[in-house]
Amino acid sequence: MTTVRLTCAFEYLRQELNDVVRLFLGDVPISESEGALHITHTHEAAGGVWIERVTDGKSVYARKTPAARGELEEKRAVKRAAKTALFLLMRDRSGINPPWGSLTGIRPTRLMYEAMEAGLSAGEAEARMREEFYVSAEKASLLREIIEMQRGLIDPPENTFDLYIGIPFCVTRCAYCSFSSGEIGNGRLTEPYTDALIREIRGSAEIMREKGLSLRAAYVGGGTPTALSCTQLGRILDAAMECFPNAAEWTVEAGRPDTIDREKLLMLKTRGVGRISVNPQTFSDATLKLIGRAHTSGDTLRAYGLARETGFDHINMDIIAALPGEDMDMFTRTLDRVTELAPESVTVHSLAIKRSSKLHEALTVAGDSHNQADAAYAADMISAARGTLESGGWRPYYLYRQKYMAGNLENVGYAKPGYACLYNIGNMEETACVLAVGAGSISKWLFPREKRIERAANLKNIEEYISRADEMIARKRELILKD
Ligand code: SF4
């Protein structure tokens with residue numbers, strides 16, 4: 001494995017430049033003091049212009065930028081120029097063209113919106129993504145389609161917030177999982193957790209009342225919310241809906257098909273939950289076993305059929321590209337099954353193998369990793385998904401990227417017209433304030449006047465959360481009522 005020594009002129013650039021190196025070399029060790037490949041960044045100011053230079057000892061790449069004013073602007077300009085110079089160096093050394101070009105952040109749509117706020121048309125902004133950031137034509141057009149789908153949905157009405165309720169239990173742990181969710185085991189924590197969560201919901205509702213805000217969209221995720229008993233989940237929803245009435249949207253992740261039965265579906269339906277997720281991930285039983293999901297594709301079909309019978313008219317399905325051992329034929333079969341079932345929305349994930357997952361451990365022990373061949377494979381699968389879904393009438397409406405994602409790709413939510421999930425857009429584009437309750441959840445509050453976002457994180461450990469729910473309310477009070 002290559003090791004990299006990275007010397008840079010400003011400490012605040014280090015992480016950004018590390019991320020660019022990893023676009024090309026994967027999750028390699030990078031340090032300031034040693035490494036087989038030595039990359040050096042220098043900064044020079046000359047006649048109102050800054051020059052960011054990057055060299056590997058053989059080639060030198062430089063980008064100029066006008067000297068900016070104000071600390072934030074300065075850092076931003078230097079960051080962009082240095083990242084671009086390093087991107088070009090690595091691209092030419094490796095011959096690899098990453099699909100998202102020099103972009104390493106989570107939300108590429110943000111740059112499109114920025115360009116449009118500065119007066120560019122959507123078409124001009126798309127061209128800018130290609131020319132300035134080396135984003136591929138395919139990904140730039142994806143961004144443009146997403147922005148078109150978000151029109152009219154991106155800005156929530158004034159004095160509203162969105163709600164996230166976290167249920168951190170799953171029946172078994174998936175091999176690729178990096179969430180703090182725990183296996184439900186004998187269920188001894190579910191009842192005290194339900195009580196603590198309801199306490200936090202009621203305490204948070206007081207804060208929202210004081211602030212004069214009402215709920216727009218709610219999302220119950222996890223974990224697997226339907227891993228709780230019907231009574232427990234019903235109690236949580238009753239408390240939340242009583243505290244926050246008249247929301248425009250309620251989503252409940254019923255992600256693992258083996259946790260869904262008629263009783264739970266009816267309970268959700270009668271409470272007015274409009275959108276649920278039934279997640280196959282793949283329709284290959286062998287892969288499901290390999291990745292530690294305790295259900296079969298038959299369970300997915302049964303759960304989906306039951307949800308339709310119960311009257312759900314907005315079902316989302318999640319699938320994952322580039323799962324271990326899957327080839328294009330297997331992925332195509334999954335796509336075909338999904339399009340036959342015709343859920344109203346489909347989320348296509350690229351496998352992200354984070355360090356905290358069992359799969360990362362297994363691949364590290366086996367000396368394997370997601371290499372460039374895997375990356376090309378993943379890219380083909382993601383393109384195939386887009387082609388199949390778009391020709392079936394689904395449109396991309398939100399996107400996010402994660403670190404350690406196969407091929408540096410993206411997760412994309414597709415929906416039939418009229419079925420985009422408001423919560424997903426507001427959360428991903430960071431246009432909605434999110435009040436988050438439950439262990440491990442993170443509230444995110446926007447302060448538009450100062451153009452600032454602040455966060456308050458809840459404790460991840462379930463037992464600690466249960467005993468300290470009041471403290472979680474206090475953290476939110478401090479965050480939300482501070483201005
Ligand atoms: S269902 Fe989701 S949260 Fe639960 S173990 Fe699998 S990936 Fe993790």
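Counting starts at 1 for both ligands and their atoms, in listed order.
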**Study point:** Proximity flag Gly223 to ligand 1, non-hydrogen atoms under 4.0 Å
**Key:** yes
**Study point:** Atom indices of ligand 1 within 4.0 angstrom of Thr172 heavy atoms, with elements
**Key:** 5 (S)
Review point. Is there an N/O/S atom in Cys174 at a distance below 2.8 Å from atom 6 (Fe) of ligand 1?
Key: yes
Review point. At a 4.0 Å threshold, what atoms of ligand 1 neighbour a non-hydrogen atom of Tyr176?
Key: 7 (S)
Review point. Do Lys460's NZ or CZ and the ring of Tyr465 fall within the cation-pi criteria of under 6.0 Å and 45°?
Key: no
Practice item. Validate the cation-pi geometry between Arg91 and Tyr134: distance from NZ or CZ to the six-membered ring centre under 6.0 Å, angle to the ring axis within 45°. Key: yes
Review point. Is it true that Glu344 and Arg308 make a salt bridge, defined as a side-chain N closer than 4.0 Å to a carboxylate O?
Key: yes
Review point. What is the ring orientation for Phe169 with Tyr193, classed by angle as parallel under 30°, tilted 30 to 60°, or perpendicular over 60°?
Key: perpendicular
Practice item. Could you confirm whether Cys177 has any N/O/S atom lying under 2.8 Å from atom 4 (Fe) of ligand 1? Key: no
Exercise for review: On the 0 to 90° scale, with breaks at 30° and 60°, tag the Tyr219-Tyr164 ring pair as parallel, tilted or perpendicular.
Suggested key: parallel
